[in-house]
Novice: 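This structure is in structure tokens; I'll ask about it shortly.
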Amino acid sequence: MRRLLIAVPFLWLLALFIVPFAIVFKISLSDLAVAIPPYTPTLDIAEGWAGLKAFFAELDFENYIWLTEDDLYWKAYLSSFKIAVISTLLTLLVGYPIAYGIARAPQEWRAMLFMLVILPFWTSFLIRVYSWMGILSQEGYLNQVLLWIGVINEPLIILNTNIAVYIGIVYTYLPFMILPIYAALEKLDISLLEAAEDLGCSRFSAFWLVTVPLSKQGIIAGSFLVFIPTIGEFVIPSLLGGSRTLMIGKVLWEEFFSNRDWPVASAVAVVLLLILIIPIVLFQRNEQKQREANQ
Amino acid sequence: MALDVFAPWDDPNAKPLIQFQNVTKRFGDFTAIDDLTVDIFEKEFFALLGPSGCGKTTMMRMLAGFETPTEGKILLAGQDIGAVPPNKRAVNMMFQSYALFPHLSIWENIAFGLKRDKMPKDQIGERVEEMLRLTRLEKFARRKPHQISGGQRQRVALARSLAKAPKLLLLDEPLGALDKKLRQETQFELMDIQETTGTTFVIVTHDQEEAMTVASRVAVMDHGKIIQVSTPDVIYEAPNSTYVADFIGDVNLISGKADPQGDKLHMHWAEGQPAVVGSPLDGATKGQDVHYAIRPEKVSISAEKPENAANAIQGEVHDIAYLGNISTYHVQLPGGQIIKAQSANNRRISRRAFTWEDKVWLSWTDTAGVFLER
Ligand SMILES: Nc1ncnc2c1ncn2[C@@H]1O[C@H](COP(=O)(O)OP(=O)(O)O)[C@@H](O)[C@H]1O
Ligand SMILES: [Mg+2]
């Protein structure tokens, strides 16, 4: 019984990660073919040992070599990385004050403020991104309001640019930044800030010397929670970004569905996963450290 | 030649370091400090003593600058400090929770305040080393607060608040978290440090023994008011009210009607019992309600009626509390009232002179207790 319980997460991992990954990895080693499925070889169990040998003989790393030859791919990886870094910083900039505000709000307000942060999750993600199109387009609400106030004379072009992508990402991932930072700030003992002031800090320097370092774990956790999914983000850049917005998620989608080149698309996906392992491991380490600090 | 005792509060020319002038502090419509006036002098070790919620922490926080008085003024060295923010006051506080910075090492915690003063690096180093030596923490300088014991943490908090050599150091229940033995050791350590540094200490405690041990003067508080301020011996021997007498140590309280007779005051307190005789109470008139307070250790217990004792009453042993070095006898008087008498156990327990339900005599001199008006 006990063994069975321990086995559950492993089976879960096996079924939902290892097996799909093995399939994708195998496809990435295959060749493109005009067939269904659109790649060769496929394993034919009926031919037995010889079939298996022939199957493995046909697998190679061609597609990975191809990724290094066409500069589209590394540019897309790099651009995704850049967009993810910038959006993470922007999300932090917006999320920290919100988390701080909630943590300092009177106890009886906090639950309600929290609800407001999480509320958008109750509607479909796609609908919310579409509504940003309505806000940001040239005839959109934002431009209408700005024109009406008279801040601008010509409508701003925001939709289909990287700016729209940043807005979309910050909006979508904000709760992931707010929650861990809030958790860190909520634990912070007010008397530490008073002690800092007592020892000669201004309010502002007490914030930098005490509040920020003590919420570091939350900042790191939140940043990874935003950064990791943003790198592979597909929906936001394709709906809000323009033709010049280059992100690896978009490239992946095009390889799969426009070019129907499953092997190359799989290779792109495997490389993306390998790249993401680094921040995921760092994130795990941070979590581990936090758990140890809490003990 | 008179002995040179430290008693600036008796010197009309002494300038107080801190003056509370009719200070009132309200939170909403709750009055935490009620029209309080008191002077604290330089180099004093001043203890605030009182039950939980009587406003001790609030007084400290007003001194540190975290709260401002609703009414009245607080002067530090003659200057009104009402508008001075905490980071600009020459006052440091040792917090009840220690409030050590968990992300900084012990060394950095102690250096924290010095760095804010933009002190040169080598001087900071020297000062921190000095503080580490003073609090015997040299070995732990590199550790983080969670890597040391409660007693060590408490010393770090002390070192950190002393590092800036404040004019005034506030200690809010500094020893609350320590066990009894460590607490006693630390009390003496605190007194040593206070003497070597010459800093004025204001300490908050709800432990009367602690206040008596460390303080030059004790202020007994209740509901935002100071009931009595005096040296520990005066507080103990000559409390000004039954509240103070009862709060500090163990006491027997008897109520009755005053009857001044010559240079003594008599008090009639029960039918058929002799009047209690003691030193007079200023302004007491015949028939006025008064109280008599006497400490259990000043009441003698004997089998025979003692000759020429000013006060002697007979009763029956109701209960005996054996405390090792001393025993407290609870003696019931005919009217039902219990009087406690303490005696040293200078014999083994099996050879104790009195036991339950023995008839005994309680006696004390006419200067052993005090009459109180309220
Ligand atoms: N910020 C505050 N708001 C409202 N009431 C407070 C506040 N601070 C203290 N009090 C009240 O003032 C009273 C005195 O508190 P405090 O000075 O902390 O007492 P002590 O330290 O003697 O236990 C308490 O009844 C407490 O509830
Ligand atoms: Mg308190």
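Letters A, B, ... are given to chains in the order of the sequence lines, protein chains preceding strands, and every chain is numbered from 1.
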Novice: Checking A/A196 against chain B: side chain, backbone, both or neither under 4.5 Å from a heavy atom?
Specialist: both
Novice: Taking side-chain hydrogen bond (donor to acceptor under 3.5 Å, both in side chains) as the criterion, tell me which of A/R291, A/Q284, A/R285 meets it with A/Q288.
Specialist: A/R291
Novice: Does this structure show an ion pair linking B/E130 with B/R133, if we count only N-O contacts that are shorter than 4.0 Å?
Specialist: no
Novice: Please tabulate, for the side chains in residues 226-236 of chain A, all donor-acceptor contacts under 3.5 angstrom to protein atoms that are two or more places apart in sequence or on a different chain.
Specialist:
unit_1, atom_1, unit_2, atom_2, d
A/T230, OG1, A/V226, O, 2.5
A/E233, OE1, A/Y173, OH, 2.5
A/E233, OE2, A/V235, N, 3.2
A/E233, OE2, A/I236, N, 3.3

Novice: Does a salt bridge link A/E197 with A/R203, judged by any charged N lying under 4.0 Å from a carboxylate O?
Specialist: yes
Novice: In terms of the angle between their ring planes, are A/F207 and A/Y96 parallel, tilted or perpendicular, with boundaries placed at 30° and 60°?
Specialist: perpendicular
Novice: Please state whether the side chain, the backbone, both or neither of A/L209 comes within less than 4.5 Å of a heavy atom of chain B.
Specialist: both
Novice: If you count heavy-atom pairs under 4.5 Å between each of A/A206, A/P213, A/C201 and chain B, which one has the most?
Specialist: A/C201
Novice: Count the heavy-atom pairs under 4.5 Å between each of A/V210, A/D198, A/L214 and chain B, then report the option with the highest count.
Specialist: A/D198
Novice: Mind checking which of residues 102-124 of chain B sit less than 4.5 Å from chain A, heavy atom to heavy atom?
Specialist: B/P102, B/H103, B/F112, B/G113, B/R116
Novice: Which heavy-atom pair separates B/R89 from B/I81 by the least distance, and what is that distance?
Specialist: NH2-O, 2.7 Å
Novice: Are any non-hydrogen side-chain atoms of A/M177 and A/T88 less than 4.5 angstrom apart?
Specialist: yes
Novice: Heavy-atom distances under 4.5 Å only: say whether B/R160 touches chain A with side chain, backbone, both or neither.
Specialist: both
Novice: Are B/E42 and B/K15 within salt-bridge range, i.e. N to O under 4.0 Å?
Specialist: no
Novice: Under 4.5 Å from any heavy atom of chain B, what part of A/L192 do you find: side chain, backbone, both or neither?
Specialist: both
Novice: Under 4.5 Å heavy-atom distance to chain B, tell me which part of A/D189 shows up: side chain, backbone, both or neither.
Specialist: side chain
Novice: Please report the shortest heavy-atom distance between A/A99 and A/I181, naming the atom on each side.
Specialist: CB-CG2, 3.6 Å
